[in-house]
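Owing to the predicted nature of the structure, the values given are computational and were not obtained by experimental measurement. Every heavy atom of this structure was used, including side-chain atoms; hydrogens, water molecules and symmetry mates were not.
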Amino acid sequence: MATSAELIRVEHVIKEYNHGAVKALNDCSLSIKKGEVVAIIGPSGSGKSTLLRCLNLLEIPSSGHIYFNGVDITDKKVDINLHRRKMGMVFQHFNVFPHMTVGENITMAPVLLGKKKQNEAVEMAKELLNKVGLSSKYDEYPQRLSGGQKQRLAIVRALAMEPDVMLFDEPTSALDPEMVGEVLNVIKSLVKDGMTTVIVTHEMGFAREVSDRVFFMDDGILAEKGSPDEIFSHPQNPRTKEFLSKVLY
Ligand code: ADP
């Protein structure tokens, strides 16, 4: 069972595709505390994104349990939408609504779901945009934004739901190199404010700097978990060592 400081618990999760031909997750277990920052690293195809997507049931585990705030969200009787609202998700490819203005992108969900009145939502949206350096963009359409600005908007849109955790799936992978820093800085400021954060990333320097713990995934298995110093300076698993020798240079 989950303890009070624990926000997410994953127990023996297996995720198979193609009727078992692909085992994307092979008996993964982990626990994440409130306020913790976890970076998930590992080779391409090792199951990082599947693991992250299982946390809010964008992918349904083939077996195993996932607890969020102490509730078993893999229980079919649970209304997953209620819990998903407390988990902000940011994808590689922004996923902002192109036919809505920046302001509408941010205010739509909180108003529609009755979390905020329209005027409160507008006020909050402006505050959040100001925090991420987009205060002048409230009435713009996303097509007028750069990739980095779109991703900052995607982050703000997720934050507008006042989530308990932010899940980032390679948030800078689709960006031109000069825009990576501005997005990482926004994530850093969230972390500084105490937001529980799980991030799949190839930005090793960033993972090392901001995370409390690093999970190394290999072939569907959580092969090694540890502090950034343990994983990056003293990896124990030969697969971790091999991976890092390829990506750190
Ligand atoms: P990573 O994020 O580490 O690159 P993924 O979680 O995307 O890895 O994928 C893990 C494995 O699961 C890979 O072998 C991938 O091809 C497979 N996979 C992921 N999604 C699907 C899917 N929808 N259908 C079939 N196979 C999938």
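Residues Pro171 and Val90 come closest through the heavy atom pair CB-CG1, 4.4 Å. In terms of heavy-atom proximity, Phe206 sits nearest to Ile187 at CZ-CG2, 3.8 Å. Ala158 and Gly88 get closest at one heavy-atom pair: CB-CA, 4.0 Å. Here the shortest heavy-atom pairing between Pro98 and Pro142 reads O-CD, 3.8 Å. In plain terms, the two heavy atoms of Gly147 and Met179 that are nearest each other are N-SD, 3.9 Å. The two atoms that bring Arg9 and Glu11 nearest to each other are CD-OE2, 3.2 Å, heavy atoms only.
Using a distance-only test at 3.5 Å, with no hydrogens or angles considered, a donor-acceptor pair links the side chain of Lys15 to the main chain of Ile60. Within the 3.5 Å criterion, the main-chain N or O of Cys54 finds no donor-acceptor partner in the side chain of Glu59. Looking at Ser227, its side chain does come within 3.5 Å of a backbone N or O of Glu230 through a donor-acceptor pair. With Gln151 contributing its side chain and Gly148 its backbone, the two residues share no donor-acceptor pair below 3.5 Å. Here the side chain of Asn105 pairs a donor or acceptor atom with the backbone of Phe97 at under 3.5 angstrom. Formation of a donor-acceptor pair under 3.5 Å by the Ser173 side chain with backbone atoms of Gln92 is not found in this model. Between the side chain of Ser29 and the backbone N or O of His12 there is at least one donor-acceptor pair closer than 3.5 Å.
Looking at heavy atoms from C-beta onward, Ile41 lies in side-chain contact with Ile231 at the 4.5 angstrom threshold. Looking only at side-chain heavy atoms (C-beta outward), Ile66 and Pro61 come within less than 4.5 Å of each other. When side chains are defined from C-beta on, Val71 counts as touching His83, because their heavy atoms get closer than 4.5 Å. Looking only at side-chain heavy atoms (C-beta outward), Tyr67 and Ile73 stay at 4.5 Å or farther from each other. Between Arg84 and Lys86, the closest side-chain pair of non-hydrogen atoms is not below 4.5 Å. You'll find the side chain of Asp164 stays beyond 4.5 Å of the side chain of Thr196, heavy atoms only. The side-chain heavy atoms of His234 and Asp229, taken from C-beta on, include a pair separated by under 4.5 Å. Side-chain contact between Lys117 and Val111: absent, with no pair of heavy atoms (C-beta onward) separated by less than 4.5 Å.
Using a 4.0 Å cut-off between charged nitrogen and carboxylate oxygen, Lys246 and Glu242 count as a salt-bridge pair. Looking at Glu36 and Lys34, no side-chain N of the basic residue comes within less than 4.0 Å of a carboxylate O on the acidic one, giving no salt bridge. The pair Lys241-Glu224 fails the salt-bridge criterion, with no side-chain N (NZ, NE, NH1 or NH2) lying under 4.0 Å from an Asp/Glu carboxylate O. Glu123 has no carboxylate O lying under 4.0 Å from a charged side-chain N of Lys126, or vice versa, which leaves the two without a salt bridge. A salt bridge links Glu182 with Arg152: the distance from a Lys NZ or Arg NE/NH1/NH2 to an Asp or Glu carboxylate oxygen falls below 4.0 Å.
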*Test Leu82 against Asp79 for side-chain contact (heavy atoms from CB on, under 4.5 Å), laying out the working first.*
CA-CA 6 Å; Leu82 286 179; Asp79 179 358; 3.5 Å; yes
_Between Glu16 and Val22, is the side-chain contact (heavy atoms from CB on, under 4.5 Å) condition met? List the steps._
CA-CA 6 Å; Glu16 293 175 337; Val22 177; over 6 Å; no
*Output, in order, the C-alpha distance, side-chain angles, deciding distance and verdict of side-chain contact (heavy atoms from CB on, under 4.5 Å) for Leu129 and Lys137.*
CA-CA 8 Å; Leu129 284 172; Lys137 305 293 184 193; 5.6 Å; no
*Give the C-alpha distance, both sets of side-chain angles, the deciding distance and a yes or no for side-chain contact (heavy atoms from CB on, under 4.5 Å) between Val183 and Phe168.*
CA-CA 11 Å; Val183 170; Phe168 291 96; over 6 Å; no
*Can you list the steps and then say if Asp169 with Ser49 is a side-chain hydrogen bond (donor to acceptor under 3.5 Å, both in side chains)?*
CA-CA 6 Å; Asp169 193 358; Ser49 178; 2.8 Å; yes
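Interatomic distance, Leu30 CG to Ile8 CD1, rounded to the nearest 0.5 Å: 8.0 Å. Interatomic distance, Gln149 CD to Leu175 CG, rounded to the nearest 0.5 Å: 11.0 Å. How far CG of Asp218 is from OG1 of Thr240: 7.5 Å, rounded to the nearest 0.5 Å. To the nearest 0.5 angstrom, Arg85 atom CZ is 10.5 Å from Ile80 atom CD1. Rounded to the nearest 0.5 Å, atoms CG (Leu52) and CG (Leu58) are 8.5 Å apart. Rounding to the nearest 0.5 Å places CE of Met217 at 10.0 Å from NZ of Lys225.
Note: the hydrophobic cluster containing Met87 does not contain Met166 (ILVMFWY, side chain heavy atoms under 4.5 Å, direct or indirect links). Phe94 and Leu134 end up in the same hydrophobic cluster when Ile, Leu, Val, Met, Phe, Trp and Tyr side chains are linked at under 4.5 Å. Phe232 is not connected to Val38 by any chain of hydrophobic side-chain contacts under 4.5 Å among Ile, Leu, Val, Met, Phe, Trp and Tyr, and they are in different clusters. Hydrophobic cluster membership is shared by Leu153 and Ile199, with clusters built from Ile, Leu, Val, Met, Phe, Trp and Tyr side chains linked at under 4.5 angstrom. Linking Ile, Leu, Val, Met, Phe, Trp and Tyr residues whenever their side-chain heavy atoms come within less than 4.5 Å places Val186 and Val180 in a single cluster.
Side-chain atoms of Glu6 and Ser31 include a donor-acceptor pair closer than 3.5 Å. Between the side chains of Ser233 and Arg208, at least one donor N or O sits under 3.5 Å from an acceptor N or O. A donor-acceptor pair shorter than 3.5 Å can be found between the side chains of Thr74 and Asp72. Checked by atom type, the side-chain pair Asn26/Asp219 shows no donor-acceptor distance below 3.5 Å.
The environment of Lys188 atom NZ is dense: over 12 non-hydrogen atoms of other residues, nucleotides or ligands sit within 6.0 angstrom.
Between Phe243 and Phe216, the ring planes are tilted. Angles from 30° to 60° get that label.
The side chain to side chain contact (heavy atoms under 4.5 Å, CB included) with Met195 is formed by just one residue from the set Val37, Val165, Leu159; it is Leu159. In summary, of the residues considered (Ile14, Ile221, Val10, Leu51), a side chain to side chain contact (heavy atoms under 4.5 Å, CB included) with Leu25 occurs for Leu51 alone.
Applying the salt bridge (charged side-chain N to carboxylate O under 4.0 Å, His left out) test to pairs two or more places apart or on separate chains, none has a residue in residues 172-181.
Listed by chain and number, the residues in a side chain to side chain contact (heavy atoms under 4.5 Å, CB included) with Asn95 are Phe91, His93, Arg157 (sequence neighbours excluded).
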